[in-house]
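Note that the numbering runs from 1 along the sequence shown for the chain.
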Amino acid sequence: MAGERRLQKTRNIGFMAHIDAGKTTVTERILYYTGRTYKIGEVHEGTAVMDWMTQEQQRGITITSAVTTCQWRNHIIQIIDTPGHVDFTIEVERSLRVLDGAIAVFCGVGGVEPQSETVWHQADKYHVPKIAFVNKMDRVGADFLGTVEMMIEKLGANPLVVQLPWGKEDSFRGVIDLIKMKGIIWEEDSLGAVYQEVGIPEELLPQAEGYHERLLEKVAETDDLLIEKYLAGEAISEAEIKRAIRKATIELRLVPVLCGAALRNKGIQPLLDAIVDYLPSPLDIPPVQGTNSLTGETEARRSDEDEPLCALAFKIMMDQGRKLTYLRVYSGVMEAGNVVYNANLGREERIARIFEMHANHRKRLDRARAGEIVAVMGLKDTSTGNTLCDRAHPILLEPIEFYKPVISVAVEPKTNQDQDKLSFALEKLSEEDPTFKVRYDDDTGQTIISGMGELHLDVLIKRLVEEYNLTVNVGRPQVVYRETIQRPAEVEGKFSKVIEDVVHSAEIHLEVIPNERGKGIEFISLVPPEELPQEYLEAIQAGVEESTTVGALMGYPLTDVKILLKAARYTQDEFTPMVLKVAVSQALREACQKGDPVLLEPMMELDVMVPEEFMGEVIGDIQARKGSIESISTKGKMAMIKALTPLTRMFGYSTDLRSMTQGRGTFSMRFSHYDRVVD
């Protein structure tokens, strides 16, 4: 029962938003008001607790997700602060995978910005209940109700306005609580720590009453008991409203919307109340599901200390050369010194130490229990997405999806003596970040590193200098191309080889067909199962997977191709799967050569926000870069331009945009699909 009470009072939440919406600023205030820190850290001063990396402090942005724990109203709140820049979106993805609830922070001026959409849909993918916090209500141009409308239009959300701003821009004083029908104001000289409930001023009363009525109507629609009371005109208590909001939020039917100005220390305490009141505890979410690696059956693990151990490794971090593995414990108990079973690798590892994390500060724990987010030392081979469990009750959770890198640069050490040191450092960095890839190019003799964007690679190269004391030469960014075919082709591939006086031969009949953009490789066997045993089909599939990594045109990986297996013949005696794989490889290469191969390049979705007076010049520049304008919309005096552009033409765009718009333009870019190279 003690374990159940603890879980009821636990909240595992994350902050997510577009870059510069104020996530880290909100988190810093939460740590201060919950007594976790004794002074408020500021992002712009490089003193934010959660932005502890040197790179984060220098650039004023969040790069890596940081974990911390605080307490509010006798509840334990475990927080993950995630980055807002699109280059570090994997940090958001893997954090949302292990969280029970999320706070989406929106800029009151920018509203629903491009990366806000991305993180919102990531949260939807993992069915994470959300609260929205409209920040920066003190800024010129802040529009609370406009942001709520954008949530409906752009996110398909069902926002529930539970607060209204009291004033705006310079005259922003506090918030109107539409459930209690009270005003909340903060004392300026208390750093936001002292606030009080007051009556709603007369000029705001009609609007507050109108929105209170809307709130009751919307909440009642989600609850059968309340709808009867509402229609009968009976009074609905504050406790009943909050209970119904909590239920609807957890069921993803409503998103409570609050507002404030974090930099001016307003609106944070009601947000903490909302986290406790509306977001789920580990007991409120469905049991985590996975596959029993022995039986292949689907099994569930409830959030309970008495259940068998089940934990997911969601992040790896190197701390002074030692490996820290961040875990979400879904069920059971894990103790320091315990041996745990890695279901992905099929081997055991020992937990040396367990820590509660506060950004980069650690507190030793003896054990980690269901519902907790901890970091452990001692796991040598465990990587991001691995499941740790009890060997007697193995379970394999769905792994975390990783994004494919879209930009590459060549790196080499300044001195030959540092080559081994560079290889070691790159291996450690790629272990931390699954979207960072390292390969050695045999043709050029270069070490190629690939990532999600220019900023991503720039940060990693700076980390080589600061953390590993390595200076490197960097080549011009290379784009990761793909190949595909333009027309169908059919081929019969034959392969025969004498091995130890026995002739091994195979014939493969393949047809390749161009596939839709973004569909990738699809393999379909048209051979009846009775004619082709499963073992042989698997050998053919393995041959297809290996062969599609090298295209027929310039050796880039194949994509957007449908491969049909029409027939397969082979010698029955002394069969070797390798013979089938080689026959497939030859047939596929020949078919691709016949299918008119063509080179594809990554196309990026570009979102640019600029003052209207610079719109013409910015559009002209995008078109000069072979980009196509998808849409143009205006918000106040700002223009939002959406475009599709080839990545090859976008290097150095941030500098060019700044010079075109006197530093007032902002943009974000994310991978869309591969398409034909633009001449």
Side-chain angles (χ1 to χ4, degrees), residues 291 293 295-296 344-346 385 396 398-399 401-402 404 437 439 442 480-600 673-674:
T291 308
S293 49
T295 64
N344 298 77
L345 304 177
L396 194 57
E398 185 186 342
E401 284 183 34
F402 301 134
K404 289 186 168 60
K437 300 292 181 193
R439 66 182 175 84
D442 291 321
V480 182
Y481 290 96
R482 293 283 186 271
E483 292 182 22
T484 193
I485 56 170
Q486 297 184 82
R487 54 189 173 85
E490 223 169 308
V491 155
E492 286 198 20
K494 298 180 182 179
F495 179 73
S496 182
K497 189 173 179 67
V498 178
I499 304 172
E500 294 180 353
D501 300 328
V502 178
V503 176
H504 295 259
S505 65
E507 289 182 31
I508 296 290
H509 185 178
L510 284 183
E511 183 179 6
V512 293
I513 302 169
N515 210 346
E516 288 176 47
R517 289 286 173 265
K519 285 283 187 183
I521 302 290
E522 286 186 58
F523 173 75
I524 300 166
S525 172
L526 303 178
V527 181
E530 60 271 15
E531 291 181 26
L532 187 64
Q534 183 64 26
E535 178 194 354
Y536 298 175
L537 179 61
E538 286 173 4
I540 291 170
Q541 280 180 299
V544 167
E545 284 174 20
E546 287 175 21
S547 306
T548 51
T549 58
V550 181
L553 187 66
M554 294 177 69
Y556 289 107
L558 270 175
T559 191
D560 301 341
V561 177
K562 196 176 280 185
I563 300 161
L564 306 179
L565 175 66
K566 292 195 159 180
R569 291 177 288 278
Y570 44 84
T571 49
Q572 296 285 353
D573 304 326
E574 305 288 335
F575 175 72
T576 310
M578 184 56 69
V579 177
L580 265 180
K581 286 172 79 172
V582 175
V584 166
S585 178
Q586 290 180 348
L588 189 57
R589 186 166 186 80
E590 192 181 333
C592 288
Q593 284 168 339
K594 282 186 175 180
D596 193 8
V598 65
L599 200 60
L600 302 177
H673 63 278
Y674 279 92

* Closest approach of Leu588 to Ser547 (non-hydrogen atoms, all atoms of both residues) -> CD2-CB, 3.6 Å
* With Glu531 via side-chain contact (heavy atoms from CB on, under 4.5 Å) - residues at least two apart -> Val527, Pro528
* Asked: Partners of Val584 by side-chain contact (heavy atoms from CB on, under 4.5 Å), sequence neighbours excluded?
  -> Ile508, Ile540, Val544
* To do: Check side-chain hydrogen bond (donor to acceptor under 3.5 Å, both in side chains) between Glu507 and all other residues, then give those that pass, not counting sequence neighbours.
  => Arg569
* Asked: Which residues pass the side-chain contact (heavy atoms from CB on, under 4.5 Å) test with Leu396, sequence neighbours left out?
  -> Ala343, Asn344, Thr387
* Asked: Between Pro597 and Cys592, which heavy-atom pair has the shortest distance, and what is it?
  -> CD-O, 3.2 Å
* Beyond-backbone contact of Leu510 with Leu565, side-chain heavy atoms, under 4.5 angstrom -> yes
Listing, residues 551-562 side-chain donor-acceptor contacts under 3.5 Å, not counting sequence neighbours, or none:
| unit_1 | atom_1 | unit_2 | atom_2 | d |
| --- | --- | --- | --- | --- |
| Asp560 | OD1 | Gly518 | N | 3.2 |
| Asp560 | OD1 | Lys519 | N | 3.2 |
| Asp560 | OD1 | Gly520 | N | 2.9 |
| Asp560 | OD2 | Gly518 | N | 3.3 |

* To do: Return each pair, listed once, that meets side-chain hydrogen bond (donor to acceptor under 3.5 Å, both in side chains) where at least one residue sits in residues 587-598; pairs must be two or more places apart or across chains.
  => Gln486-Asp596
* Heavy-atom pair with the smallest gap, counting every atom of Leu532 and Ala568 -> CD1-CB, 4.1 Å
* Please list all pairs passing the salt bridge (Lys or Arg N to Asp or Glu O under 4.0 Å) test where one or both residues lie in residues 538-547, with sequence neighbours left out. => Glu546-Lys581
* Mind jotting down which residue pairs meet the salt bridge (Lys or Arg N to Asp or Glu O under 4.0 Å) criterion with at least one end in residues 547-558? Sequence neighbours excluded, please. => none
* For Arg517, enumerate each residue passing the side-chain hydrogen bond (donor to acceptor under 3.5 Å, both in side chains) test, keeping only those at least two apart in sequence or located in another chain. => Asp675
* **Ile485 to Gly595 - nearest heavy-atom pair and separation** => CB-O, 3.2 Å
* **Nearest non-hydrogen partners of Leu537 and Phe523, listed with the distance** => CD1-CE2, 4.0 Å
* **For Lys566, all residues meeting side-chain contact (heavy atoms from CB on, under 4.5 Å), sequence neighbours excluded** => Glu490, His509, Glu511, Leu526
